[in-house]
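Heads up, the thing below is written out as structure tokens.
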Amino acid sequence: MFIELHKRGLAYRKDSAVNWCPGCQTVLANEQVVAGLCERCDTAVTKKKLNQWYFKITDYADRLLDDMKELEGKWPDKVLTMQRNWIGRSQGANVNFVIEGRTEPVTIYTTRPDTLYGATFMVVAVDSELAAELASGTPAEGEFKTYLESVKAASDIDRLATDRPKSGVFLQRYAINPVNGEKLPIWASDYVLADYGTGAIMAVPAHDQRDLDFARAMKLPVRVVVQSDEEDPSVSGVATTGDGKMINSGSLDGLNKVDAITAINKQLEADGLGKSARNYRLRDWLVSRQRYWGTPIPIVHCQKCGEVPVPADQLPLTLPDAKGLDLKPKGQSPLAAATDWVNTSCPKCGAAALRDTDTMDTFVDSSWYFLRYPSSTNHNEPFSRADIDTWLPVDQYVGGVTHAILHLLYSRFFTKVTEPCTRLLNQGMVVMDGSAMSKARGNLVRLSDELENHGVDAIRLSMVFSGPPEDDVDWSDVSPSGSVKFLSRAWRLSGDVTSKPGVDFATGDIALRKATHKALHDAAFAVESFRFNVAIARVMELVNATRKTIDSGPGAADPAVREAVEAIAIMLSLVAPFTSEEMWERLGHKPAIATAGWPVVDEKLLVADVVEAVIQINGKIKERIEVPPTITDAEIEALALAHPTIAAELNGATPKKVIARAPKIVNIVL
RNA sequence: GCCCCGAUAGCCCAAUGGCAGAGGCAGAGGACUUAAAAUCCUCCAAGUGUGGGUUCGACCCCCACUCGGGGCACCA
């Protein structure tokens with residue numbers, strides 16, 4: 001996979017300030033840094049300048065975003081929203097500003113080109129090369145360097161803090177606003193990011209909160225160019241970001257936001273001063289890791305030929321023997337010490353060459369593991385086109401929401417052409433003492449003890465019955481002993497049945513037969529819609545009805561009892577295979593119940609003989625009557641109006657309106 | 001600050017816009033038993049977080065709010 005991506009220029013190396021986890025002693029992808037902490041070990045992540053391998057996921061940003069339309073309604077909205085936010089597409093414009101004393105203009109990115117006349121200063125990212133260049137040789141250089149050092153020293157966590165006061169340095173230089181020729185002071189600050197857009201912005205304090213905060217801190221002017229009813233931002237401290245009529249904006253005056261953006265973009269483009277542009281929050285996926293475990297990067301570095309992929313007949317490239325290697329995290333890949341493995345010859349020219357010693361992020365492997373499943377016995381290639389065409393995409397994927405922007409985004413990138421998983425269900429977590437069970441927290445249930453005490457069937461049943469699968473389940477609400485009781489109750493039924501296997505069910509008690517077929521029908525529907533807790537409730541109902549039929553009804557010998565108990569065993573086999581297998585044998589059947597198949601539901605047995613209908617007057621229930629299920633609207637309406645209770649209530653009055661919904665309800669409106 | 005999800009008996013949870021209760025836990029009473037356990041039977045409770053709206057009719061749809069959970073958060 002790596003080589004295929006490399007061939008297409010989608011796997012490449014670059015120098016960059018990367019996320020570095022001091023705990024794991026390895027680099028991390030943006031997606032693996034959660035609130036400034038390492039996703040694996042919760043250590044605060046720092047920055048380090050390194051040359052690393054990347055996958056060009058940004059080339060696919062638009063497709064990853066736009067193809068989500070296909071997943072609408074089939075994946076949880078939450079996951080789709082998270083992916084949309086993560087990709088973070090924004091539409092705006094690049095605008096060129098001439099810099100005094102510099103030949104090259106500086107390009108800035110803005111989503112609000114309409115507010116160009118409101119710009120009162122320019123800000124460049126303090127850690128960008130541009131900032132260093134602009135500062136050099138100015139009286140501000142010393143101050144700039146001090147500031148840059150202090151920013152570098154601050155961790156990501158500090159940087160993420162919300163109400164952090166704005167800081168920055170005036171670089172003693174000026175940019176010229178292309179639309180009105182104004183001289184704008186240029187500042188360097190850490191509130192502008194070096195790796196987003198062009199790393200430089202025009203500041204419009206009146207209509208951008210961050211710019212306003214900065215302007216107020218540095219005593220810079222604020223100019224309103226979009227009229228609004230709200231208080232002057234320079235007084236209120238709140239930037240006005242809504243729509244309104246343009247003012248103080250030359251030819252744009254009087255236009256609304258959308259029209260002004262169109263007009264200014266057109267004008268900038270005509271004058272060669274800028275053009276509309278798009279930006280993404282998504283960054284390329286950093287895949288190098290300095291760990292032993294992981295897939296080695298199949299590249300040989302040759303003095304002459306450069307990066308040479310390992311030839312196909314030498315794949316898969318396997319790791320060197322770990323024996324003798326120091327696998328402890330130490331900031332350099334442990335593979336580097338395996339000199340026998342590292343030293344090799346160039347596949348192209350045969351000269352001495354070195355293997356790449358980094359391994360890949362494990363998310364690389366999980367991005368396509370499901371492609372291997374249909375071809376698991378194929379020893380010639382990772383997967384075959386024919387198998388994939390037959391079996392994929394995955395119809396139903398079940399996984400935790402924790403992978404919303406990791407595994408689930410990477411997988412979509414790997415298979416982009418199509419979507420890897422048609423439907424997605426995020427199952428909930430098991431909660432104990434208020435938080436998700438985890439080894440790190442130590443709030444665990446000893447599963448072995450639970451299994452010892454209650455049996456695997458009861459534990460599994462408890463989990464499934466505790467609520468809908470997408471909800472979290474609090475362990476204190478789980479009752480394995482209740483499940484044990486229920487399973488015993490069901491199991492006992494199998495010993496009560498006295499009729500022989502193969503008996504004709506048609507001669508059995510009709511009431512129980514109806515209950516059985518309704519349970520089978522409803523449970524199947526519930527299972528297919530992932531409401532396992534409801535399916536179990538249907539089985540419990542049938543167990544109760546069967547118990548009653550045996551104890552105080554037609555008795556254990558009735559064929560309907562066998563039909564019911566067999567149905568119970570089969571339905572339970574989904575979550576309690578051991579118990580149901582025993583039931584199956586006690587019922588006189590050969591193993592295995594798994595091969596028994598779901599009993600065919602007799603539609604005729606699903607129809608009730610009589611149903612209870614409700615008669616309402618003005619939406620209030622006044623009477624209940626028994627009617628055949630086949631009754632028509634007109635018939636039930638006539639029955640209702642003729643009913644003595646209703647006639648008395650009406651007392652001769654003519655209803656304004658009668659709504660009949662046979663066979664359930666009649667509502668008489670007075 | 002912005003976005004999303006949720007709120008139904010003491011508890012976990014059901015209910016195509018049409019009788020609020022399917023199921024379980026807990027609780028009460030009873031049968032069986034010398035007794036207890038186990039088993040079996042019966043009973044018990046909320047009017048659906050709050051306030052409006054749409055509708056003949058709202059747990060369900062719409063608006064606002066409260067509380068709880070989650071996500072995003074200097075991305076110009």
Side-chain angles (χ1 to χ4, degrees), chain A residues 34-35 76-82 84-86 88-90 92-93 108-113 115 119 123 125 159-164 166 189-193 195-204 207-211 213-214 279-283 401 404-405 426 428 431 434 461-462 465-468 470-474 476-479 481-483 485-486 488-489 492 519 522 526 531 533-544 547-548 550-552 611-624 655-661 664-670:
Chain A
V34 179
D77 285 344
K78 185 181 175 174
V79 172
L80 297 180
T81 307
M82 284 170 77
R84 269 189 203 108
N85 290 342
W86 188 259
R89 179 160 69 191
S90 93
I108 61 96
Y109 174 71
T110 177
T111 54
R112 293 294 302 276
T115 61
V123 186
R159 223 187 141 143
L160 284 171
T162 17
D163 293 330
R164 202 156 145 267
K166 292 277 184 286
S189 174
D190 65 350
Y191 89 90
V192 170
L193 306 177
D195 59 352
Y196 182 80
T198 59
I201 63 152
M202 67 169 189
V204 185
H207 308 298
D208 182 285
Q209 192 58 49
R210 297 152 302 186
D211 296 346
D213 292 343
F214 192 83
N279 264 303
Y280 303 88
R281 225 193 73 121
L282 183 72
R283 305 284 191 270
V401 71
I405 51 170
N426 287 138
V431 172
L461 178 74
S462 299
F465 185 60
S466 64
E470 50 277 78
D471 285 9
D472 286 352
V473 46
D474 197 310
S476 60
D477 295 327
V478 171
S479 169
S481 58
S483 296
K485 239 166 81 178
F486 165 68
S488 316
R489 192 168 147 86
R492 240 177 278 123
D522 292 357
R531 285 146 58 238
N533 53 326
V534 179
I536 299 298
R538 293 290 97 84
V539 182
M540 288 175 167
E541 247 175 294
L542 184 57
V543 167
N544 293 342
R547 184 79 262 157
K548 228 171 247 179
I550 294 172
D551 291 350
S552 53
V611 293
E612 193 177 57
V614 175
I615 307 172
Q616 300 179 329
I617 294 180
N618 290 336
K620 297 268 180 287
I621 296 156
K622 294 294 178 186
E623 197 54 66
R624 293 149 199 274
K656 259 195 217 134
K657 198 170 176 186
V658 179
I659 291 111
R661 291 283 181 276
K664 282 171 159 177
I665 198 162
V666 179
N667 189 15
I668 298 160
V669 186
L670 293 179

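In what follows, chains are A, B, ... by sequence order, proteins preceding strands, each numbered from 1. Computed from a predicted structure; not experimentally measured.
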Quiz item: For A/Arg283, which contact category applies under a 4.0 Å heavy-atom criterion: base, sugar-phosphate, or nothing?
Solution: base

Exercise. Looking at every strand, decide which applies to A/Lys656 at a 4.0 Å heavy-atom threshold: base, sugar-phosphate, or nothing.
Key: nothing

Quiz item: How far, in whole Å, is B/C11 from B/U48 if one measures between their P atoms?
Solution: 15 Å

Exercise. Let me have a per-nucleotide readout for nucleotides 23-28 of chain B, 5' to 3', with B, S or -, counting only protein heavy atoms under 4.0 Å.
Key: BSS---

Quiz item: Stepwise, does the side chain to side chain contact (heavy atoms under 4.5 Å, CB included) test hold for A/Arg531 with A/Asn533?
Solution: CA-CA 5 Å; A/Arg531 285 146 58 238; A/Asn533 53 326; 4.1 Å; yes

Practice problem: Grab the CG-P distance between A/Leu80 and B/C5 for me, whole Å please. | Solution: 12 Å

Quiz item: Mind checking what makes side-chain contact (heavy atoms from CB on, under 4.5 Å) contact with A/Val614, not counting sequence neighbours?
Solution: A/Gln616, A/Ile621, A/Ile665

Quiz item: Any donor-acceptor pair under 3.5 Å between the side chain of A/Lys166 and the base of B/C74?
Solution: yes

Practice problem: Not counting sequence neighbours, which residues clear side chain to side chain donor-acceptor pair (under 3.5 Å) with A/Asp77? List them please. | Solution: none

For nucleotides 53-57 of chain B, which of its nitrogen or oxygen atoms have a protein nitrogen or oxygen under 3.5 Å away, and what is each distance?
| residue | atom | partner | partner atom | Å |
| --- | --- | --- | --- | --- |
| B/C56 | OP1 | A/Lys657 | NZ | 3.3 |
| B/C56 | O2' | A/Asn667 | ND2 | 3.2 |
| B/C56 | O2 | A/Asn667 | ND2 | 2.5 |

Quiz item: Under 4.0 angstrom, heavy atoms only, what part of the nucleic acid is A/Pro468 near: base, sugar-phosphate, or nothing?
Solution: sugar-phosphate

Practice problem: Kindly determine whether A/Arg538 and A/Leu542 satisfy side chain to side chain contact (heavy atoms under 4.5 Å, CB included), including the steps that lead there. | Solution: CA-CA 6 Å; A/Arg538 293 290 97 84; A/Leu542 184 57; over 6 Å; no

Quiz item: Are the charged groups of A/Asp208 and A/Arg112 less than 4.0 angstrom apart, N to O?
Solution: no

Quiz item: Can you check B/G47 for me, syn or anti if syn means within 90° of 0?
Solution: syn

Exercise. Searching all strands shown, indicate the nucleotide that pairs with B/G18 (Watson-Crick or G-U wobble; both distances under 3.5 Å).
Key: B/C56

Quiz item: Under a 3.5 Å cut-off for both distances, is B/G47 Watson-Crick or wobble paired, and to whom?
Solution: none

Practice problem: Give the rounded distance in Å between these two atoms: CD of A/Glu470 and P of B/A14. | Solution: 9 Å

Quiz prompt | Distance, rounded to the nearest Å, where A/Arg547 contributes CZ and B/C41 contributes P | solution = 7 Å

Self-check item: Distance between P atoms of B/A31 and B/A36 (Å, rounded)
Solution: 11 Å

Return the polar atom pairs (N/O with N/O) between nucleotides 67-70 of chain B and the protein under 3.5 Å, or none.
| residue | atom | partner | partner atom | Å |
| --- | --- | --- | --- | --- |
| B/G70 | O2' | A/Lys78 | NZ | 2.9 |

Exercise. Ignoring backbone atoms, test whether A/Arg84 places a side-chain nitrogen or oxygen under 4.0 Å from the OP1 or OP2 oxygen of B/G71.
Key: no

Quiz prompt | Side-chain N,O (A/Tyr196) to OP1/OP2 (B/A76) below 4.0 Å | solution = yes

Exercise. Name all residues meeting the side chain to side chain donor-acceptor pair (under 3.5 Å) criterion together with A/Ser481; count only those two or more places apart in sequence or in a different chain, and write none if there are none.
Key: none

Quiz prompt | Span that lies between the P atom of B/G51 and that of B/C59, in whole angstrom | solution = 13 Å

Quiz item: Mind checking the P distance from B/A14 to B/A9? Whole angstroms is fine.
Solution: 13 Å

Self-check item: Value in whole Å for how far the P atom of B/U8 lies from CG of A/Asp471
Solution: 12 Å

Self-check item: Short side-chain N/O contact from A/Ser90 to OP1 or OP2 of B/A76, under 4.0 Å
Solution: yes

